[in-house]
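Throughout, a chain's letter reflects where its sequence line sits, starting with A, and its residues are numbered from 1.
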Amino acid sequence: MKKVISGNQAVSYAVFSAKPQVIAAYPITPQSAIVEMLATFCSTGDLHAKFINVESEHSAMAACIAASVTGARTFTATSSQGLALMHELLHYASGLRLPIVMANVNRALASPFNLKADLSDSLSQRDTGWLQFYCESGQEIFDTIIQAFRISEEALLPVMVNLEGFILSHTYEAVEIPEHNEIERFLPPPPPRECLDVEHPSMFGSTTDLYINFRYKMHQAMEKAERICQDADDQFRSAFNRGYGLVQAYRCEDADIVLLAAGTVASSCRVVADRYAKKGVKVGVLRIRLFRPLPKEPICQALRNGARLAVIDRDYSPGCGGILAQEVKAIFHDGNLKVPIYEFIAGLGGRDVNDEDIERIIEQTLKAKKPREITWIGLLK
Amino acid sequence: MKKGYGTKNLDELPLTAISFMTTETNQTGEWRSQRPILDSEKCNRCGLCWMYCPDQAIRPQENSFSISYEYCKGCGICATECPKGAIFLVAEER
């Protein structure tokens, strides 16, 4: 069935279809509508899940962890400051190898106080052991949430699905919602795993001299997770005729300049790339959909030697620069692929990244003799 | 507390550290910097200390209460809640 719904509602409908057993959440703008809708589904009895009201995001994640340890399919949603407050527990969730799924509606971190889109909130959680997806449309949000449950239950790692605040969360689009039985064929009830058993009490995550071994097993799981994500997307495509890949390359094959971005900035980049193609300038767009684990091979495969890479970061790591730029520079460190990287910071705090901004990025990158310091787009004179 | 897994093989380790014992093996009394002392002459056996103790370290006896120093972390909630001032804290000496 096709419905015209917001990005937040796409999350709620997808979670509804995935039939979680426990949802624990605390409201925060611009996420609140997700859990309000899920709470309604629970109260009307349409969704047979335990909805736990908590007093903070820290408690929300604690409740999800406790529920997940018993084997329940578990979901929560948050944004920005809420995600930051969860930080400590994010490590517990991944260290305990729990398949928790969370939607994070990207919002700039204070201070100054801000409610609008910025990817720094989730990108700064990159070392917590969660898989991270970045969406671009309502349909992709719905589909990625469904995929996320399946991926997390196979990889036994938690998955965070990110969507930009207001730009995606409050924008209404037509979204195809498959029938429940179709979804259940792709996403069967959670497979059995090692769980808390009240008949045989045990402590999960207890003190051990073997700490480094458990961390290594997590590392192995993260390495395997990329394949699991690709397989899930392939099988989703054969079931529903839609798929996204781990990165999305557009006009990249013979491009002289490739714009790299995550989220909705990539959509605007493609429109501008088409315009440049008509002028005979080869501009490609590479969108990072999966950020953790970072799909290094697919990124390298999408680029050709010598192409100029302009990385547009809607995020910022003080003292270093754009987070995507750092990550991408590390991939090319071995020098096998010679791709000069031009760094841009744009759209922080929800500032629009419009056609003129992207044209300026392209023009500056084409004219530059070599990469120089980071360019900030949208500063006062 | 169980620390080994009876294996030297990485693949045979569980995904996360699981210990098949309960927190009873965790003698949290070692953390204590203040020791609660119960003056049973002042105690009216109301049981508030027993109800409020977060570590179940207050143990009901036939006609009074006793404090388990194996688990008491010395938080002092019992001393604050006692309406008769029958519990007081002294510095722990080890």
Does A:Lys19 have more than 12 heavy atoms from other residues, nucleotides or ligands lying within 6.0 Å of its NZ?
yes
Taking every heavy atom of A:Lys217 against every heavy atom of B:Leu10, the minimum-distance pair comes out as NZ-O, 2.6 Å
B:Leu15 and A:Glu194, any side-chain heavy atoms less than 4.5 Å apart:
no
Roughly how far, to the nearest 0.5 Å, is the CD1 atom of B:Ile18 from the CG atom of A:Leu96?
9.0 Å
With a cut-off of 6.0 Å (strictly less than), are more than 12 heavy atoms of other residues, nucleotides or ligands near CZ of A:Phe51?
yes
Rounded to the nearest 0.5 angstrom, the CZ-OG1 distance for A:Phe204 and B:Thr16 is 7.5 Å
Check whether A:Leu156 gets within reach of chain B through its side chain, its backbone, both or neither, counting any heavy atom under 4.5 Å.
side chain
For atom CD of B:Glu41, is the number of surrounding heavy atoms from other residues, nucleotides or ligands below 6.0 Å larger than 12?
no
State the CD-CG distance between A:Gln220 and B:Asp11, to the nearest 0.5 angstrom.
7.0 Å
Measuring heavy-atom distances to chain B, does A:Tyr216 have an atom under 4.5 Å in its side chain, in its backbone, in both, or in neither?
side chain
